[in-house]
Amino acid sequence: MGLLEGKRILVAGVTMDSSIGFAVAKVAQEQGAEVLISNFGRALSITRRIAKRLPVEPVVLELDVTDQTHLDGLADQVREHVDSLDGVVHSIAFGNPETLLGGKFLDGPWDDVAQALQVSAYSLKSLTMAAKPLMAPGSSVVGLTFDATVSWPAYDWMGVAKAGLESTSRYLARYLGPEGIRVNLVSAGPLRTIAAKAIPGFSDLEDLWTTRSPLGWDNTDQEPTAKAVCALLSDFFPATTGEIVHVDGGFHATGA
Ligand code: NAD
């Protein structure tokens, strides 16, 4: 029997088959879950095509996490297909690479920073609350971060957004714990996805990981990250919330 047998899971933020969300959807299906995926805007048509590459073609929903109408309608959209959710995966981030990333930190304009914070951090709260009417005690919310306890080359304002995401996750854990809903993050090492390739200078981070991770690091393998997300979605972490699980080859534990 699979780890997620009988569970219904929404994975928000799938564009390509390189997306971490795609790998999560795949592993979740392999582990017995019924999966719904979502994306927004023009990328939605790509998502619909890519969805066919999953073991079972999932329902694809439209959800722009900055659009209150979409958020307000999410529960009804989901109910057209399943009557509840046991898990929600937030695999969403955006920061304008031309103004905020790749060494632009000191000049990043507020409007773009505000957008990055809304899409990449605040949206964990928005998505969780939009899905909450569907979640019973025992449900699990999992998001993706890139270690925000230190600064990194190139990551710039996305690092600030991730610090916001990490804190948002801890507050959600605080407020939703009494209702039996767990909220955790997986902190992944660098993976070659569209979001990552858009960051000028991201290859510097990849080089660091390759040389320093005790376990080594394959930046084209999303599966270890997806497996950790699925473990946190499962019943095997019933007393864990507000946690950040590192899936980074052990990089975070090394000083040099
Ligand atoms: P990706 O580009 O495949 O996924 C990001 C998704 O966010 C896309 O599907 C995009 O359409 C969606 N998105 C952006 N704005 C949105 C909005 N307003 N509403 C709804 N969806 C929106 O890239 P990925 O690397 O798979 O990113 C998934 C998550 O993993 C992100 O939070 C990212 O920061 C995190 N992460 C990535 C890495 C890495 O190296 N790739 C490492 C650690 C954490």
Side-chain angles (χ1 to χ4, degrees), residues 10-26 37-51 60-71 74 88-97 100-101 112 114-124 126-127 130-131 142-148 152 154-166 168-169 185-199 201-206 208-210 217-226 228-229 244-249 251-252:
L10 170 65
V11 183
V14 179
T15 297
M16 302 294 292
D17 49 5
S18 62
S19 295
I20 296 171
F22 182 93
V24 171
K26 180 167 181 285
I37 64 176
S38 73
N39 205 0
F40 85 121
R42 277 181 299 168
L44 197 57
S45 60
I46 306 174
T47 305
R48 290 210 169 93
R49 279 205 305 278
I50 290 294
V60 179
L61 305 178
E62 180 175 19
L63 175 65
D64 179 340
V65 287
T66 66
D67 185 327
Q68 196 56 46
T69 317
H70 287 190
L71 292 163
L74 180 67
V88 174
V89 179
H90 177 284
S91 192
I92 292 172
F94 179 75
N96 186 340
L100 298 183
L101 312 175
D112 288 357
Q115 181 192 31
L117 294 176
Q118 184 184 11
V119 175
S120 316
Y122 183 78
S123 69
L124 181 64
S126 315
L127 172 63
V142 184
L144 275 310
T145 190
F146 188 74
D147 186 0
W152 298 105
Y155 209 54
D156 294 348
W157 283 103
M158 190 50 66
V160 178
K162 288 302 188 193
L165 177 77
E166 292 179 6
T168 301
S169 158
L185 298 179
V186 168
S187 183
L191 291 164
R192 289 236 174 118
T193 62
I194 330 176
K197 282 191 272 191
I199 301 174
F202 196 73
S203 58
D204 294 347
L205 288 176
E206 294 180 320
L208 278 174
W209 247 262
T210 315
W217 183 250
D218 179 352
N219 55 26
T220 63
D221 186 5
Q222 273 69 316
E223 194 177 77
T225 302
V229 171
I244 301 179
V245 176
H246 291 83
V247 180
D248 63 350
F251 184 98
H252 73 283

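Every heavy atom of this structure was used, including side-chain atoms; hydrogens, water molecules and symmetry mates were not. Just follow the structure's listing: the first ligand is 1, and inside any ligand the first atom is 1. Numbering starts at 1 and runs along the sequence shown.
- Listed by chain and number, the residues in a side chain to side chain contact (heavy atoms under 4.5 Å, CB included) with Arg49 are Ile46 (sequence neighbours excluded).
- In this structure Phe22 satisfies the ring-ring contact (aromatic ring centres under 6.0 Å, His included) test with no other residue, sequence neighbours excluded.
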Tabulated below should be the N or O atoms of ligand 1 paired with protein N or O atoms at under 3.5 Å; can you produce that?
unit_1   : atom_1 : unit_2 : atom_2 : d
ligand 1 : 2 (O)  : Ala195 : N      : 3.3
ligand 1 : 3 (O)  : Ser19  : OG     : 2.6
ligand 1 : 9 (O)  : Thr15  : OG1    : 2.7
ligand 1 : 9 (O)  : Asn39  : OD1    : 3.4
ligand 1 : 11 (O) : Thr15  : OG1    : 3.3
ligand 1 : 11 (O) : Asn39  : OD1    : 2.7
ligand 1 : 18 (N) : Asp64  : OD1    : 3.0
ligand 1 : 19 (N) : Val65  : N      : 3.0
ligand 1 : 23 (O) : Thr193 : OG1    : 3.3
ligand 1 : 25 (O) : Thr193 : OG1    : 2.5
ligand 1 : 26 (O) : Ile20  : N      : 2.8
ligand 1 : 32 (O) : Ile92  : O      : 3.2
ligand 1 : 32 (O) : Lys162 : NZ     : 2.9
ligand 1 : 34 (O) : Lys162 : NZ     : 2.8
ligand 1 : 40 (O) : Leu191 : N      : 2.7
ligand 1 : 40 (O) : Leu191 : O      : 3.3
ligand 1 : 41 (N) : Leu191 : O      : 2.9
ligand 1 : 41 (N) : Thr193 : OG1    : 3.1

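- For Trp152 and Trp157, the ring centers are positioned 6.0 Å apart or more.
- His90 contributes atom NE2, which lies 6.0 Å from atom CG of Leu165 (distance to the nearest 0.5 angstrom).
- Ring geometry, His252 versus His246: the interplanar angle falls under 30°, so the pair is classed parallel (tilted spans 30 to 60°).
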Scan the side chains in residues 10-18 for donor-acceptor partners under 3.5 Å anywhere in the protein, sequence neighbours excluded, and list what turns up.
unit_1 : atom_1 : unit_2 : atom_2 : d
Thr15  : OG1    : Asn39  : ND2    : 2.7
Asp17  : OD2    : Arg53  : NH1    : 2.6

